[in-house]
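As the structure is a prediction and not an experimental result, all values here were calculated from the model. Just so you know, these numbers use all the heavy atoms, side chains as well, and skip hydrogens, waters and symmetry mates.
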Amino acid sequence: MKFKSPPVNSISLDFLTEFCISLEKLENNRGCRGVIFTSAIPTVFSSGLDITEMCGKSTERYAEFWRAVQETWLKLYGSNMVTVAAVNGSSPAGGCLLALSCDYRIMAENPKFSIGLNEAQLGIVAPFWFKDTFVNVVGHRVAERSLQLGSLHSAPEAHRIGLVDELVPEEKLQDKAAAVMAQWLALPDHARQLTKSMMRKSVLDRLVAHREEDIQNFVSFITKESIQKSLRMYMEMLKKKKS
């Protein structure tokens, strides 16, 4: 599955809807046992949640957007399929979450590419289920430091802390992803699926039990004037960079 939402694969409501529909179709296709996620846009895997979805909208729209973010994570993190992220560009915030939610992460060996949950830099707090997913991959101490600082890790650093499983030269990324997929698919599906479910169930159940509360928390946080102000300033900064 290739992300193709120019210019930077921002995770908008449309992106999330399309993603969920596509994933569900693959999940329901008995002939499909695994999926490799990558980007059709060079240099960026996904720039994360679309800032325009979180700025100057109605509370109903914020709630709808956040529900879609939750749904995407629940579907991806809980997928029965083998999921491999072929990270062929930078992947901050929500983009990092998509990669973290997969079974295996391979990143292009490019020092310009970075990945991490950098929400703190924007004055936003990563929700508990972002945090739980991150802790499950890199461990508590690395996650705590990285989340507090809103760190974006270069590809070599991401590999060193275990955020990605492998680094390969850019031109070999897709071949490597296919080889990893073949290795995982060589196992009986039922044993792998049950093991995955056992490892991830408590984290998934925690969001399912607190979905409405999590939506309310997001809406009340994002509608604060101070947060709206900092998001507007960030959008202005991005516009200046482009010009």
Side-chain angles (χ1 to χ4, degrees), residues 1-11 15 19 22-23 26-27 32-48 72-73 75-77 79-118 130 133-139 141-143 145-147 149-189 192-193 195-196 199-200:
M1 194 193 287
K2 276 191 176 178
F3 306 148
K4 193 177 182 182
S5 180
V8 288
N9 289 334
S10 292
I11 301 172
F15 181 103
F19 185 94
S22 303
L23 198 59
L26 295 175
E27 200 85 54
C32 180
R33 297 168 58 217
V35 58
I36 295 167
F37 299 97
T38 194
S39 169
I41 297 166
T43 76
V44 64
F45 181 70
S46 167
S47 65
T72 301
W73 177 77
K75 276 197 165 65
L76 179 56
Y77 199 61
S79 174
N80 271 325
M81 296 183 291
V82 175
T83 53
V84 174
V87 184
N88 56 338
S90 288
S91 199
C96 178
L97 182 75
L98 291 177
L100 283 170
S101 303
C102 292
D103 297 314
Y104 201 83
R105 284 158 292 286
I106 309 160
M107 191 167 183
E109 205 168 359
N110 185 327
K112 289 182 180 167
F113 296 164
S114 60
I115 184 169
L117 294 178
N118 62 322
F130 282 51
T133 313
F134 198 32
V135 167
N136 284 354
V137 172
V138 301
R141 175 65 192 129
V142 171
R145 188 176 60 218
S146 186
L147 285 168
L149 295 172
S151 305
L152 280 175
H153 306 280
S154 66
E157 194 183 342
H159 183 238
R160 185 179 58 76
I161 64 172
L163 177 49
V164 296
D165 297 296
E166 278 187 74
L167 291 184
V168 295
E170 277 176 81
E171 67 278 7
K172 292 185 178 164
L173 186 66
Q174 297 307 324
D175 288 345
K176 185 65 193 179
V180 166
M181 181 61 77
Q183 183 191 0
W184 282 62
L185 291 180
L187 296 160
D189 279 344
R192 182 193 53 74
Q193 287 166 355
T195 304
K196 179 175 181 174
M199 297 298 291
R200 298 189 172 194

(request) Write down the atom of L100, the atom of L117, and the distance for their closest heavy-atom approach. (result) CD1-CD1, 4.1 Å
(message) To the nearest 0.5 Å, what is the distance between NE2 on H159 and CG on D165?
(response) 7.5 Å
(message) With a 3.5 Å distance limit and no angle check, can you tell me whether R192 reaches the backbone of N80 through a side-chain donor-acceptor pair?
(response) yes
(request) Determine yes or no for a side-chain-to-main-chain donor-acceptor pair under 3.5 angstrom, with T38 supplying the side chain and A86 the backbone. (result) yes
(request) Decide yes or no for L23 and M1: does some side-chain heavy atom of the first lie under 4.5 Å from some side-chain heavy atom of the second? (result) yes
(request) Verify, without hydrogens or angle tests, whether S46 (side chain) and S91 (backbone) share a donor-acceptor contact under 3.5 angstrom. (result) no
(message) Pair Y77, T133 - check side chain to side chain contact (heavy atoms under 4.5 Å, CB included), show working.
(response) CA-CA 9 Å; Y77 199 61; T133 313; 3.6 Å; yes
(message) So for atom NZ, which belongs to K196, do other residues, nucleotides or ligands contribute more than 12 heavy atoms lying within a distance under 6.0 Å?
(response) yes
(request) Quick one: do M181 and V82 satisfy side chain to side chain contact (heavy atoms under 4.5 Å, CB included)? Show the steps, please. (result) CA-CA 7 Å; M181 181 61 77; V82 175; 3.6 Å; yes
(message) So does G162 get a backbone contact from the side chain of R105, meaning a donor-acceptor N/O pair under 3.5 Å?
(response) no
(request) Output the distance between atom SG (C96) and atom CG (L152), rounded to the nearest 0.5 Å. (result) 8.5 Å
(message) Minimum heavy-atom separation for V135 and A143, please, with both atom names.
(response) CG2-CB, 3.7 Å
(request) With the side chain counted from C-beta on, respond yes when D103 and R200 share a heavy-atom pair under 4.5 Å apart, and no when they do not. (result) yes
(message) Could you go through Y104 and E166, starting from their C-alpha distance and side-chain angles, then the distance that decides it, and tell me whether this counts as side chain to side chain contact (heavy atoms under 4.5 Å, CB included)?
(response) CA-CA 9 Å; Y104 201 83; E166 278 187 74; 2.7 Å; yes
(message) Quick check for you: to the nearest 0.5 Å, what is the distance between S114 atom OG and M107 atom CE?
(response) 6.5 Å
(request) Mind listing the closest non-hydrogen atom pair of A108 and L173 along with its distance? (result) N-CD1, 4.0 Å
(message) Using side-chain heavy atoms (C-beta onward) and a distance below 4.5 Å, is F134 in contact with L97?
(response) no
(message) Please find the pair of heavy atoms, one from A177 and one from V84, that lie closest to each other, and give the distance.
(response) CB-CG1, 4.2 Å
(request) Measure the NE2-CG distance between H153 and N118 for me, rounded to the nearest 0.5 Å. (result) 9.5 Å
(message) If I take atom CD1 from residue I36 and atom NZ from residue K2, how far apart are they, to the nearest 0.5 angstrom?
(response) 11.0 Å
(message) Taking the side chain as everything from C-beta on, heavy atoms only, tell me whether F37 gets closer than 4.5 Å to L76.
(response) yes
(message) Quick check for you: to the nearest 0.5 Å, what is the distance between S79 atom OG and Q193 atom CD?
(response) 8.5 Å
(message) Treating S39 as the side-chain partner and N88 as the backbone partner, does any N or O pair qualify as donor plus acceptor under 3.5 Å?
(response) no
(message) Minimum heavy-atom separation for I115 and A99, please, with both atom names.
(response) CD1-CB, 4.2 Å
(message) Quick one, V8 and I41 - any side-chain contact, counting heavy atoms below 4.5 Å?
(response) no
(message) I'd like to check N110 versus E170 (side-chain heavy atoms, cut-off strictly below 4.5 Å). Are they in contact?
(response) yes
(message) For a 4.5 angstrom cut-off between non-hydrogen side-chain atoms, does P111 reach S154?
(response) no
(request) State, with a plain yes or no, whether a side-chain heavy atom of L98 is found less than 4.5 Å away from one of F3. (result) yes
(request) Give the minimum heavy-atom separation between C32 and G34, together with the two atoms involved. (result) SG-O, 3.4 Å
